[in-house]
Amino acid sequence: MEKKEIVKILNEIGLLLELKGENPFKSRAYYNAARIIELLDEDIETIVKEDRLKDIKGIGEALNKKITELVLTGKLKYYEDLKASIPEGLIDMLKIPGLGPKRIRTIYEQLNITSVRELEYACLENRLLDLPGFGKKMQNNILKGIQFIKQFSSHFLYSEAYSQAVDYKEYLDAANVAKKTEIAGSLRRKKEIVKDIDILSASNSPNTVIDTFIKYPKVKEIVEKGDTKSSVILEDGIGVDLRVIKEYQFPYALHHFTGSKEHNTAMRHRAKKMGIKMNEYGIFKGEELIKCLNEEEIFFNLGLSFIPPELRENMGEIEAAEKGTIPNLVDNSDLKGILHVHTRYSDGTNSLKELVEATRNLGYSYLGVSDHSKSAYYANGLNEEQLFEQWKEIDNLNQIYNDFRIFKGIESDILPDGSLDFEDEILEKFDFVIASVHSNFNLNKQEMTERIIKALTNKYTTILGHPTGRLLLARNGYDIDMEKIIEIASSHGKIIEINSNPYRLDLDWRYIKYAKEKNVIFAICPDAHNIEGLSHITYGIGIAKKGWLEAKDVINTLDIESISKFLKDLKQ
DNA sequence: GCCGTTTTCGGCCCGACTGTTTTCAGTCG
């Protein structure tokens with residue numbers, strides 16, 4: 001059984017136990033185990049077969065037995081029984097804001113309601129009013145919550161949320177009501193998908209800040225308004241939380257509200273072991289505050305070097321900070337050039353010359369052009385004749401600039417049988433070849449993996465484009481064995497793309513870290529279809545950071561001479 | 001259900017807000 005599936009089942013058991021009203025620490029043990037399995041670099045089946053599961057901290061006798069049963073038989077009786085004992089609809093109810101396991105249990109036990117739709121009717125009939133702990137307001141909120149989840153999906157792309165957050169922050173800054181305001185939460189950690197926007201302000205008069213906060217013109221609904229905290233929903237459905245603290249508390253609160261929850265939990269455990277209490281208001285030795293002017297000093301007081309927000313996912317960053325091995329993360333300024341753009345020759349909207357000028361004006365020293373190949377008829381892919389025409393134009397432009405170089409590339413479709421889209425005599429003339437899947441997504445896992453591996457091991461392939469093929473919030477990636485593909489990329493010296501398009505952000509950062517450990521090299525590419533698209537590269541940088549990448553791991557941090565040589569050597 | 005320099009039981013991270021109460025439970029982050 002697949003790791004992903006095991007993780008899902010363990011999490012679901014945790015949830016079901018909560019709904020059953022079991023010991024909360026018991027369900028936490030399952031959540032914890034799910035996370036441990038999720039972060040395993042090694043193949044779970046191997047671990048189980050070698051009976052090493054029980055050696056992992058957090059997996060005891062009972063979980064060892066259950067996970068082993070799952071991995072070996074693909075089933076778990078305990079889970080089946082548990083699931084059968086609880087109506088499915090109760091899990092859906094958890095999506096309603098303000099409803100947690102306890103209240104759902106009450107609703108189920110007292111009113112025998114088993115689905116969101118039934119719950120909605122019950123609210124309209126005022127049947128919740130008589131339940132213990134419920135009242136008119138609660139019933140209204142549940143109704144509103146049901147409307148809300150009907151109307152909006154609960155997640156947003158990083159790029160969308162980030163631009164909303166920046167606008168909100170600018171509004172607050174302009175109002176000049178707080179001494180400091182920062183965007184925190186998953187946005188600060190640059191997660192590819194976020195649930196809401198977290199904003200943190202420092203002020204001695206929090207009410208003024210909150211009053212200003214809720215008057216933001218784009219606010220559609222005020223969900224909560226307290227003395228230090230407020231939540232609103234914006235017109236486009238995204239929720240925004242504001243916390244106001246005192247100025248001296250700002251670094252502690254910034255760390256706290258940046259998260260992740262898992263990182264914070266691990267940090268508090270560490271602090272506790274050192275006799276330090278840690279919360280959003282400070283770190284304390286007994287009652288006494290340990291003064292910190294910034295996050296660096298907080299980490300320092302816990303015996304750690306600074307951990308960049310992008311790494312705070314409890315994926316080994318605390319251990320690395322303890323050892324002083326936090327990587328010097330790649331940054332926008334490290335990039336010397338751009339690869340993977342589309343021009344008007346295929347489905348781009350700017351001319352080659354316009355893109356070259358734009359790239360040059362942004363301070364880069366080279367541009368790798370990669371229009372679609374001939375099979376991509378939907379994207380106006382280039383045939384040989386059009387290709388020769390483009391090469392001629394590139395040659396001419398390369399004569400004009402002495403400080404800038406255009407590389408001839410292609411984004412070649414990976415055909416269903418794994419072959420590339422041109423004959424070898426054409427392929428060998430490119431400076432670089434990006435191989436990407438754009439069709440026949442529904443092959444089974446083995447077929448798809450073999451297809452991609454065949455393309456990847458093609459002599460002329462330089463870069464594997466958007467490796468999982470996912471479209472965030474819209475389409476899951478193809479069914480492939482990514483570990484295997486990463487291993488092949490590593491052993492064949494092939495580059496893996498970090499596609500910076502905000503809908504893709506592909507390769508996923510969780511795999512990037514894994515691939516880096518296998519010595520894979522990356523290219524951070526905008527996949528731009530117009531001049532504005534060049535700026536997407538900054539999202540790719542965020543994801544590269546989350547994958548622990550340094551400049552040396554990224555091919556387009558090389559200067560013109562080095563990358564020319566690198567690309568030439570790859571073809572040998 | 002897990003864990004152990006307090007080791008086989010008794011803890012397990014912490015605080016704000018809301019809505020319900022009349023001192024607190026539940027939810028959320």
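Residue numbering restarts at 1 for every chain, and letters A, B, ... go by the order of the sequence lines. From a predicted model like this one, the values you see are computed outputs, not experimental measurements.
- Note on A:Lys66: only backbone sugar-phosphate atoms sit closer than 4.0 angstrom, heavy atoms only; bases stay farther off.
- Note on A:Glu22: nothing from the nucleic acid sits closer than 4.0 angstrom, heavy atoms only.
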Task: Per-nucleotide protein contact string for nucleotides 14-23 of chain B (B base, S sugar-phosphate only, - none; heavy atom under 4.0 Å) - done: -SSSSSS---

Indicate every side-chain donor-acceptor pair of residues 53-66 of chain A with a distance under 3.5 Å to a residue at least two apart or in another chain.
unit_1, atom_1, unit_2, atom_2, d
A:Lys54, NZ, A:Asp51, O, 3.2
A:Asn64, OD1, A:Thr68, OG1, 3.3
A:Lys66, NZ, A:Tyr30, OH, 3.1

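- Between A:Lys57 atom NZ and B:dC2 atom P the separation is 13 Å, expressed in whole Å.
- Base pairing annotation: B:dG1 forms a Watson-Crick or G-U wobble pair with B:dC12, both donor-acceptor distances under 3.5 Å.
- Taking the six-membered ring for Trp and the full ring otherwise, A:His256 and A:Tyr281 have centroids separated by 6.0 Å or more.
- At a threshold of 4.0 Å, the pair A:Asp211-A:Lys215 does not count as salt-bridged, since none of the basic side-chain nitrogens sits closer than that to a carboxylate oxygen.
- Here A:Pro24 lies out of heavy-atom contact (under 4.0 Å) with every strand.
- Each of A:Lys518, A:Lys516, A:Lys513 was compared with A:Asp553 under the salt bridge (charged side-chain N to carboxylate O under 4.0 Å, His left out) criterion, and only A:Lys516 meets it.
- Using a cut-off of 4.0 Å between Lys/Arg side-chain N and Asp/Glu carboxylate O, A:Glu247 and A:Lys179 are scored as salt-bridged.
- A centroid separation of 6.0 Å or more is found between the aromatic rings of A:Phe300 and A:Phe306.
- You'll find a donor-acceptor pair under 3.5 Å spanning the side chain of A:Asn23 and the base of B:dG1, going by distance alone.
- Note on A:Lys261: nothing from the nucleic acid sits closer than 4.0 angstrom, heavy atoms only.
- A:Leu94 comes within 4.0 angstrom of no nucleic acid atom, judged by non-hydrogen atoms across all strands.
- Between the NZ atom of A:Lys54 and the P atom of B:dG1 there is a distance of 19 Å, rounded to whole Å.
- Within the 4.0 angstrom heavy-atom criterion, no nucleotide atom of any strand lies near A:Leu17.
- Under the ring pair (Phe, Tyr, Trp, His ring centres under 6.0 Å) criterion, A:Tyr31 pairs with no residue at all, not counting sequence neighbours.
- Position along DNA chain B of the nearest nucleotide to A:Asn264 versus A:Ala62 favours A:Ala62 as the more 5'-ward residue.
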